Peer 1: 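One structure coming up, written as structure tokens, with questions to follow.
All values derive from a computational prediction rather than experimental measurement. Order of appearance sets the numbers: ligands from 1, and atoms from 1 within every ligand.
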Amino acid sequence: EKVKSTYTIGFSQCVGTDLWRKTMLDEMKMELSLHPGVKFLYSDAQNSSARQISQVRVMLRKGIDLLVISPNEAQPLTAVVEEAYNKGIPVIVIDRKTSSTLYTAYVGADNYQLGKMAGEYLGSTLKGDASVLEVMGLPGSSPAIERDRGFYDGIKKFSNIRIAAKVYGDWLKPNTQRQLHKIKTELPGITAVFAHNDVMASGVREVFNSLKLSPGLKIVGVDALPGPGGGLQKVSDKVIDASVLYPTGGKEAIVTAFRILNKEPFSRENILQSLIIDSANVQLMKMQWARVNSQQKDIERQQELIEEQQGIYNSQQVILNITVIT
Ligand code: FRU
């Protein structure tokens, strides 16, 4: 089979506006910029599974050579992803999964393992009897299901810890805070919190602060994003006590996409590594990130200079040929 010279890659994102997913897209763009001529079709389903299904259908109609997708909820997105796969379009599932094994490759951290790490971390840091509040992501989204299971298994061996309350925060701060206000009377007994992401974790801190229940409360989140507004900053500011790193996989997804398109060997399961960030290692992580970020800025500056010299200065958008589907 012949390998095409220009490809169209479709990327269906479940929601595009939060820092984690902006970081994912930036990583993808960086990697895409190494492949001049590629066309990139991007859509943001804004947390709606119905919208995501129709956006994928639009991509299939327009014609794509490969689909990258982070499915909002597993079950509702399964059929359309299987449809793409059965048409012979390679599918890379990133971060969230469908309920099916019909996909070409998966990129993301092991969410069960992440939940387990959070549980074991709380188990080894909490002394004496502890009542834990678990704030889960969107029901039906695979990381929420897997983090919940992993967390349960992680704390299982610590007999001093029990899960006293569980709410769904849907990955969002306002929803988390609404749910916590509903169970306000149960909050005074809570000594620790596992929130499925840092956005919800910091929402929990605000509620406990406003109820004057914060002293002694340990909060663990997930994501540990670098930069302003990210989890690393929240850990170092002690808004949260720890965060489990959840790499976005944006770069790895595009690398895998080109391996598949160019008929090169690739792995079907690309499991990204994670670790716990707390006060013991957060400064190191921040320093590392600052270094990488400044090198990145240097590369971008060099790129601009080269383009100026060649007199072909174009915005990255034009070079990358991105089309946004609404
Ligand atoms: C971002 C996010 C992350 C979380 C991931 C789970 O949209 O909510 O905070 O780790 O999605 O899919």
Side-chain angles (χ1 to χ4, degrees), residues 11-28 42-49 51-52 68-77 81 92-99 106-118 134-151 167-177 179 193-205 219-227 229-235 239-240 242-250 252-253 270-277:
F11 174 37
S12 167
Q13 180 64 293
C14 51
V15 52
T17 41
D18 60 76
L19 185 62
W20 192 81
R21 291 187 194 272
K22 282 185 183 156
T23 306
M24 182 195 277
L25 190 59
D26 284 346
E27 283 183 26
M28 287 184 175
Y42 173 73
S43 67
D44 169 1
Q46 298 162 41
N47 292 311
S48 158
S49 299
R51 189 177 293 126
Q52 192 167 23
V68 181
I69 183 167
S70 186
N72 188 49
E73 297 162 290
Q75 203 69 53
L77 269 302
V81 170
I92 298 179
V93 176
I94 182 166
D95 149 57
R96 301 188 191 173
K97 300 172 181 170
T98 65
S99 314
Y106 173 76
V107 173
D110 179 338
N111 281 296
Y112 170 83
Q113 211 51 46
L114 243 76
K116 200 168 175 200
M117 284 164 72
E134 186 183 356
V135 181
M136 300 179 287
L138 182 73
S141 73
S142 68
I145 298 165
E146 293 168 3
R147 288 174 196 179
D148 174 53
R149 276 195 208 126
F151 185 64
V167 295
Y168 282 108
D170 310 327
W171 306 117
L172 306 169
K173 185 190 266 196
N175 299 30
T176 299
Q177 297 188 325
Q179 293 305 317
V193 179
F194 172 45
H196 287 189
N197 72 9
D198 293 338
V199 169
M200 298 190 292
S202 58
V204 172
R205 178 65 81 193
I219 303 180
V220 176
V222 175
D223 284 346
L225 282 164
L232 290 189
Q233 194 55 46
K234 285 177 181 140
V235 172
V239 174
I240 60 178
S243 178
V244 193
L245 177 74
Y246 189 52
T248 71
E252 291 80 358
N270 302 273
I271 307 304
L272 308 171
Q273 291 309 299
S274 179
L275 87 155
I276 300 259
I277 316 278

Peer 1: Should Ser141 be listed as contacting ligand 1, given a heavy-atom distance under 4.0 Å as the test?
Peer 2: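 No, Ser141 has no heavy atoms under 4.0 Å from ligand 1.
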Peer 1: Please step through side-chain contact (heavy atoms from CB on, under 4.5 Å) for the pair Arg96 and Leu77, ending with a clear verdict.
Peer 2: CA-CA 11 Å; Arg96 301 188 191 173; Leu77 269 302; over 6 Å; no
Peer 1: Where's the contact between Arg147 and ligand 1, heavy-atom distance under 4.0 Å: side chain, backbone, both or neither?
Peer 2: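 Side chain only.
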Peer 1: Would you say ligand 1 has an N or O under 3.5 Å from any N or O of Tyr246?
Peer 2: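 No, Tyr246 has no N/O under 3.5 Å of an N/O on ligand 1.
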Peer 1: Of all the non-hydrogen atoms in the protein, which one sits nearest to atom 11 (O) of ligand 1, and at what distance?
Peer 2: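 Of the protein heavy atoms, Arg21 NH2, 2.8 Å lies nearest.
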Peer 1: Just jot down the ring-ring contact (aromatic ring centres under 6.0 Å, His included) partners of Tyr42, sequence neighbours excluded, or say none.
Peer 2: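 Applying ring-ring contact (aromatic ring centres under 6.0 Å, His included) to Tyr42 gives Phe11.
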Peer 1: Hey, which atoms in ligand 1 end up nearer than 4.0 Å to a heavy atom of Asp95?
Peer 2: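 So the answer, numbered in order with elements, is 6 (C), 12 (O).
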Peer 1: Would you mind checking which non-hydrogen protein atom is closest to atom 12 (O) of ligand 1, with the distance to 0.1 Å?
Peer 2: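 Answer for atom 12 (O) of ligand 1: Arg96 NE, 2.7 Å.
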Peer 1: Answer with yes or no whether Val199 contacts ligand 1, where contact means a heavy atom under 4.0 Å from a ligand atom.
Peer 2: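 In this structure, Val199 fails to qualify as a contact of ligand 1 - no heavy atom is under 4.0 Å.
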Peer 1: For the side chain of Asn197 and the backbone of Val222, is there at least one donor-acceptor N/O pair under 3.5 Å apart?
Peer 2: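 Checking the backbone N and O of Val222 against the side chain of Asn197, no donor-acceptor pair under 3.5 Å is found.
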Peer 1: If the threshold is 4.0 Å, N to carboxylate O, is there a salt bridge linking Asp44 and Arg21?
Peer 2: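 No, Asp44 and Arg21 are not salt-bridged.
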Peer 1: Does either side chain, that of Asn111 or that of Tyr246, offer a donor lying less than 3.5 Å from an acceptor on the other one?
Peer 2: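 Note: Asn111 and Tyr246 side chains meet the donor-acceptor criterion.
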Peer 1: Could you find the nearest protein heavy atom to atom 3 (C) of ligand 1 and give me its residue, atom name and distance?
Peer 2: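 Checked against all protein heavy atoms, atom 3 (C) of ligand 1 sits closest to Asp223 OD2, 3.3 Å.
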Peer 1: Report yes if the side chains of Asp148 and His196 come closer than 4.5 Å at any heavy-atom pair, otherwise no.
Peer 2: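 In short, these two side chains touch, coming nearer than 4.5 Å.
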Peer 1: Do any N/O atoms on Asp18 end up under 3.5 angstrom from N/O atoms on ligand 1?
Peer 2: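 Indeed, backbone or side chain, Asp18 has an N or O that close.
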Peer 1: Checking Lys97 now: which residues fulfil salt bridge (charged side-chain N to carboxylate O under 4.0 Å, His left out) with it, not counting sequence neighbours?
Peer 2: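 Salt bridge (charged side-chain N to carboxylate O under 4.0 Å, His left out) check on Lys97 returns Glu146.
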